[in-house]
Amino acid sequence: IKTPVQFGEEEIFSMHKSIEDSIHDNFKNLLLTNHGDRVNNYDFGADLYPLVAEFTSKENFETEAMNRISAAVSKFMPYINLIGFESRPEYINDQFLGTITILIVYSVPVLGINEKSIELVLTVY
């Protein structure tokens with residue numbers, strides 16, 4: 001039995017009904033996209049996964065991650081103001097596990113959106 005594609009609250013293709021939710025989702029997609037992932041738009045995205053794969057220290061990671069995020073936001077979503085950034089690499093017995101959790105706080109002043117946060121878990125296998 002085939003069922004038609006549905007757009008609703010609990011469906012895979014549900015749509016956002018507010019601009020705030022759309023911006024949040026688009027920002028998340030920008031952060032999770034690597035260079036080369038989009039056909040005909042090679043430099044779209046923050047390109048963060050290669051940084052996780054090359055992780056050497058939290059300080060180096062945070063500096064480069066913020067540079068990449070800032071560049072992607074200024075090019076593709078310039079209406080977003082970045083407010084805060086925090087990263088938490090996962091370790092067991094001083095061994096890096098290939099997973100970093102990133103928390104980004106942002107605002108969209110033109111729409112009155114203040115201090116919204118997004119958390120990403122980046123894992124390289």
Side-chain angles (χ1 to χ4, degrees):
I1 296 175
K2 292 183 179 180
T3 57
V5 175
Q6 296 179 355
F7 298 93
E9 298 292 323
E10 302 296 323
E11 303 299 326
I12 190 169
F13 295 109
S14 63
M15 296 170 49
H16 296 296
K17 295 186 176 29
S18 77
I19 190 76
E20 183 175 343
D21 291 340
S22 293
I23 288 172
H24 185 80
D25 196 42
N26 289 340
F27 185 38
K28 177 182 72 172
N29 290 333
L30 179 71
L31 295 170
L32 292 175
T33 302
N34 294 313
H35 292 172
D37 286 353
R38 297 280 175 99
V39 176
N40 292 331
N41 200 356
Y42 177 83
D43 63 339
F44 182 83
D47 203 33
L48 296 175
Y49 280 100
L51 278 181
V52 177
E54 300 165 0
F55 182 81
T56 56
S57 73
K58 182 176 177 178
E59 294 77 23
N60 291 342
F61 174 83
E62 286 188 345
T63 301
E64 184 60 25
M66 275 310 299
N67 288 340
R68 291 181 184 200
I69 291 167
S70 295
V73 166
S74 67
K75 184 172 185 176
F76 297 104
M77 300 182 85
Y79 46 86
I80 288 180
N81 286 349
L82 299 171
I83 297 171
F85 177 88
E86 177 185 324
S87 70
R88 295 184 307 273
E90 290 187 26
Y91 294 93
I92 291 182
N93 297 329
D94 294 327
Q95 293 290 324
F96 177 59
L97 298 178
T99 299
I100 299 177
T101 302
I102 297 174
L103 176 69
I104 300 169
V105 180
Y106 68 95
S107 66
V108 184
V110 71
L111 295 175
I113 300 169
N114 296 310
E115 294 194 22
K116 191 150 168 91
S117 64
I118 189 165
E119 186 173 83
L120 308 170
V121 178
L122 304 173
T123 301
V124 174
Y125 296 101

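Because the structure is a prediction, the values reported are computed rather than measured. Side chains included, hydrogens not; waters and symmetry mates left out as well; all remaining heavy atoms used.
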Cluster link Met66 to Leu30, ILVMFWY, side chain under 4.5 Å: yes
Phe96 to Val52 - nearest heavy-atom pair and separation: CE2-O, 3.7 Å
Test item: Asp21 side-chain N/O and Ser18 main-chain N/O as donor-acceptor pair under 3.5 Å: no
Tyr91-Leu51 co-clustered via ILVMFWY side chain contacts under 4.5 Å: yes
Test item: Ile83 and Glu115 side chains (from C-beta on) under 4.5 Å apart, heavy atoms: yes
Closest non-hydrogen atom pair, His24 against Ser117: CE1-O, 3.2 Å
Neighbour count >12 (heavy atoms, 6.0 Å) for atom OH, Tyr42: no
4.5 Å side-chain heavy-atom contact, Asn29 and Phe44: no
Gap separating the CG atom of Leu122 from the CZ atom of Phe55, nearest 0.5 angstrom: 12.0 Å
Considering all heavy atoms, the nearest Ala53-Val124 contact: N-CG2, 3.7 Å
Minimal non-hydrogen separation, Gly45 against Ala72, with atom names: O-CB, 3.6 Å
Atom pair CG/CD of Asn60 and Glu54 - distance to nearest 0.5 Å: 11.0 Å
Gap between atom OG of Ser87 and atom CD1 of Ile104 - 0.5 Å precision: 10.0 Å
Parallel, tilted or perpendicular: rings of Phe27 and Tyr106 (30°, 60°): perpendicular
Single-linkage hydrophobic cluster, 4.5 Å side-chain cutoff, Phe85 and Val108 together: yes
Distance, nearest 0.5 Å, that separates CG of Leu48 from CG of Leu120: 7.5 Å
Rounded distance (nearest 0.5 Å) linking atom CG of Leu32 with atom CG of Asp47: 12.0 Å
Rounded distance [0.5 Å steps], CG in Asp43 versus OG1 in Thr33: 12.0 Å
Hydrophobic cluster membership, Val105 vs Tyr79, 4.5 Å side-chain cutoff: no
With sequence neighbours excluded, residues passing salt bridge (charged side-chain N to carboxylate O under 4.0 Å, His left out) with Glu86: Arg88
Ile113-Val110 co-clustered via ILVMFWY side chain contacts under 4.5 Å: yes
Closest contact, heavy atoms only, Met77 versus Ile23: CE-O, 3.8 Å
